[in-house]
Amino acid sequence: MEQLTIWEKNGANYILLELTGVIDSYTATEFQTKVYDYVKKTNLVLDLANVSAIDSTGMGIIMAGFNDGEETGHRLYLMNMSNAVREAVDDTGFSDTFHLIRSVTEVR
């Protein structure tokens, strides 16, 4: 079973989570807690460049976090999506809905 490593960085108007590994039902607990907590307080950026796989559990967390952010006036941004994440996002049909960025300088 692969692990998920999460590094946190604070920006002026956001929290950045750099994710490495697999986001699935086995690794999702810490990720879910952080996403749901942080997006209610500030903008949240998920750096997904080093995510090797993501399943429906991981996508569900991202979608729920996106909705929670919209309700509280914050945004959840997806940055540097790996091929695995891009494919999963495209499969949801919501790729035009998510806030996709290439750099934290794009956070509003």
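All residue numbers in this chain count up from 1 along the given sequence.
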What I'd like to find out is whether the side chain of Glu18 reaches to under 4.5 Å of the side chain of Lys9, using heavy atoms alone.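 In contact.
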Side-chain heavy atoms of Val35 within contact of Leu76, under 4.5 Å: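 Answer yes - side chains close enough.
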Determine which pairs satisfy side-chain hydrogen bond (donor to acceptor under 3.5 Å, both in side chains) with at least one residue from residues 78-92, sequence neighbours left out, and list them in order.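 Those involving residues 78-92 do not exist here.
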Using the rule that two of Ile, Leu, Val, Met, Phe, Trp, Tyr join whenever any of their side-chain heavy atoms come within less than 4.5 Å, decide whether [X] and [Y] are in one cluster.
X: Tyr77; Y: Tyr38; answer: no
X: Ile6; Y: Val85; answer: yes
X: Leu48; Y: Tyr36; answer: yes
X: Phe94; Y: Ile101; answer: no

Report the C-alpha distance between Val107 and Asn13 in whole Å, list the side-chain angles of each, state the deciding distance to 0.1 Å, and finish with yes or no for side-chain contact (heavy atoms from CB on, under 4.5 Å). CA-CA 8 Å; Val107 174; Asn13 63 338; 3.8 Å; yes
Going from [atom1] on [X] to [atom2] on [Y], what distance comes out if it is rounded to the nearest 0.5 angstrom?
X: Thr20; Y: Trp7; atom1: OG1; atom2: CH2; result: 4.0 Å
X: Leu46; Y: Leu19; atom1: CG; atom2: CG; result: 6.0 Å
X: Asp37; Y: Ile15; atom1: CG; atom2: CD1; result: 8.0 Å
X: Asp24; Y: Asp55; atom1: CG; atom2: CG; result: 5.0 Å
X: Leu44; Y: Tyr14; atom1: CG; atom2: OH; result: 11.5 Å
X: Gln32; Y: Thr27; atom1: CD; atom2: OG1; result: 11.0 Å

Is a side-chain N or O of Glu71 found less than 3.5 angstrom from the main chain of Asp68, in a donor-acceptor match?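 Absent.
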Taking only Lys NZ, Arg NE, NH1 and NH2, and the carboxylate oxygens of Asp or Glu, determine whether Lys34 and Glu8 approach each other closer than 4.0 Å.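 Looking at Glu8 together with Lys34, the answer is yes, because their closest N to O distance falls below 4.0 Å.
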Could you pull out the closest heavy-atom pair between [X] and [Y], with the gap in Å?
X: Met81; Y: Leu100; result: CE-CD2, 3.9 Å
X: Ile54; Y: Ala88; result: CG2-CB, 3.5 Å
X: Val39; Y: Gly69; result: CG2-CA, 3.6 Å
X: Ile23; Y: Gly58; result: CG2-CA, 3.5 Å
X: Met79; Y: Val45; result: CB-CG1, 3.9 Å
X: Arg108; Y: Asn43; result: O-ND2, 3.1 Å

Step by step, work out the side-chain contact (heavy atoms from CB on, under 4.5 Å) result for Met59 and Val89. CA-CA 7 Å; Met59 285 307 304; Val89 168; 3.8 Å; yes
Ring pair (Phe, Tyr, Trp, His ring centres under 6.0 Å) contacts touching residues 41-72 (sequence neighbours left out):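 For residues 41-72: Phe66-Phe98, Phe66-His99.
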Among residues two or more places apart or on two chains, list those pairs meeting ring pair (Phe, Tyr, Trp, His ring centres under 6.0 Å) that have a residue in residues 42-65.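 Listed once each, the pairs would be none.
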Checking Met63 against Ile61 for the side-chain contact (heavy atoms from CB on, under 4.5 Å) test, could you report, in this order, the C-alpha distance in whole Å, the side-chain angles of both residues, the deciding distance, and whether it holds? CA-CA 5 Å; Met63 292 167 67; Ile61 293 167; over 6 Å; no
Could you walk me through whether Leu78 and Ile62 pass the side-chain contact (heavy atoms from CB on, under 4.5 Å) check? CA-CA 9 Å; Leu78 306 183; Ile62 290 173; 3.9 Å; yes
